[in-house]
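Worksheet for the structure shown next.
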Amino acid sequence: EDVTERYAVFTLLGPGARSEWSGVYGSRPSLAARGNARDVLVPEEDADDYLLSLVDLVQPVGGLAYHARRIEDGIPLSGLEIAEKVFAREMGAMFESLYVSYTKGCYTGQEVIARIRSRGRTHRSLVGVRWDCAVSAGTEVALREEPVGRVTSSCFSFALGVPISLAVVRTEAASLGTKLVAGAATGEVVGLPFVDR
């Protein structure tokens with residue numbers, strides 16, 4: 001059952017985040033951030049009251065800071081990096097270890113996932129790129145003037161002090177240190193996550 005419209009998700013981030021702040025709703029390790037981060041699922045009708053209960057405990061951050069944290073953590077997002085024609089293995093080892101089971105038994109898509117795993121590689125990969133200037137999501141990425149992929153998420157990293165992005169590129173452009181071009185920007189493929197937490 002899709003309950004998206006009936007619930008709000010609050011993500012508590014940072015060294016001070018406490019599981020007891022979830023109150024009666026409970027919490028779990030966040031799916032949208034690494035390190036000390038917890039997600040709290042709250043019924044939509046209780047969301048305002050829950051937010052008010054946190055007012056003396058937390059510092060709210062806007063969508064820009066949250067988006068930057070997600071990119072710094074190398075976490076793909078549905079609708080941006082994750083799409084209908086993207087295989088789980090293309091999202092990288094961290095994503096695969098969190099969200100794919102090879103021991104669960106039968107499930108829809110299991111045969112395709114097992115086949116890709118046994119072959120050991122895919123045609124595309126999610127990579128992190130550090131840029132010399134800002135790059136917009138959706139910008140085409142090139143290697144030696146040949147298009148190899150697209151920027152999927154982009155931001156200025158508050159932790160690193162430089163523009164960074166997640167991009168899905170062909171495997172030959174995914175090696176660490178590969179130099180890429182996107183519009184007027186030049187960048188280098190780096191390991192994910194961008195920031196250790």
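Since the structure is predicted, the reported quantities are computational estimates derived from the model, not experimental observations. Scope of the values below: all heavy atoms of this structure, side chains included, with no hydrogens, waters or symmetry mates.
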Let me see the working for V141 and T139 under side chain to side chain contact (heavy atoms under 4.5 Å, CB included), right down to the final yes or no. CA-CA 6 Å; V141 176; T139 302; 6.0 Å; no

Report the C-alpha separation of T152 and S165 in whole Å, then their side-chain angles, then the decisive distance to 0.1 Å, and conclude whether the side chain to side chain contact (heavy atoms under 4.5 Å, CB included) test is met. CA-CA 7 Å; T152 53; S165 69; over 6 Å; no

Residue pair V42, D49: steps toward the side chain to side chain contact (heavy atoms under 4.5 Å, CB included) verdict: CA-CA 10 Å; V42 179; D49 289 338; over 6 Å; no

Steps toward side chain to side chain contact (heavy atoms under 4.5 Å, CB included) verdict (V86, L126): CA-CA 10 Å; V86 173; L126 177 71; over 6 Å; no

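Within the 4.5 Å cutoff, the side chain of E72 has no heavy atoms near those of the L160 side chain. Side-chain contact check for P193 versus R34: some heavy-atom pair is nearer than 4.5 Å.
The CG atom of L54 sits 6.0 Å away from atom CG of L12, with the distance rounded to the nearest 0.5 Å. Remark: S157 OG to I71 CD1 distance equals 9.0 Å, nearest 0.5 Å. Rounding to the nearest 0.5 Å gives a distance of 12.5 Å between CZ of R130 and OG1 of T186. The CG atom of L77 sits 7.0 Å away from the CD1 atom of I82 when rounded to the nearest 0.5 Å. Taking CD from E81 and CG from L166, the interatomic distance works out to 5.0 Å, rounded to the nearest 0.5 Å.
In this structure, the side chain of R38 does not engage the main chain of E20 through any donor-acceptor pair within 3.5 Å. D39 places no side-chain N or O within 3.5 Å of a backbone atom of R28 that could act as its donor or acceptor partner.
Hydrophobic clustering of Ile, Leu, Val, Met, Phe, Trp and Tyr side chains at less than 4.5 Å, counting indirect connections, keeps V148 apart from V168. A single hydrophobic cluster is seen to contain both V127 and L143, as judged by linkage of ILVMFWY side chains at heavy-atom distances under 4.5 Å, directly or through other members.
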Give the table of side-chain donor-acceptor pairs shorter than 3.5 Å for residues 176-185, with sequence neighbours excluded, one pair per line with atom names and distance.
residue	atom	partner	partner atom	Å
T178	OG1	S175	O	2.7
K179	NZ	E188	OE1	2.8

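Residues R69 and T11 have side chains that never bring a donor and an acceptor to within less than 3.5 angstrom of each other.
Atom CG of D132 sits in a crowded spot, with more than 12 heavy atoms from other residues, nucleotides or ligands closer than 6.0 Å.
For the ring-ring contact (aromatic ring centres under 6.0 Å, His included) condition, no pair includes a residue of residues 64-90, sequence neighbours left out.
Among K85, H123, R124, the single residue meeting the side chain to side chain donor-acceptor pair (under 3.5 Å) criterion with E90 is R124.
For the ring pair (Phe, Tyr, Trp, His ring centres under 6.0 Å) test, residues two or more places apart in sequence or in another chain that qualify with F10 are Y50.
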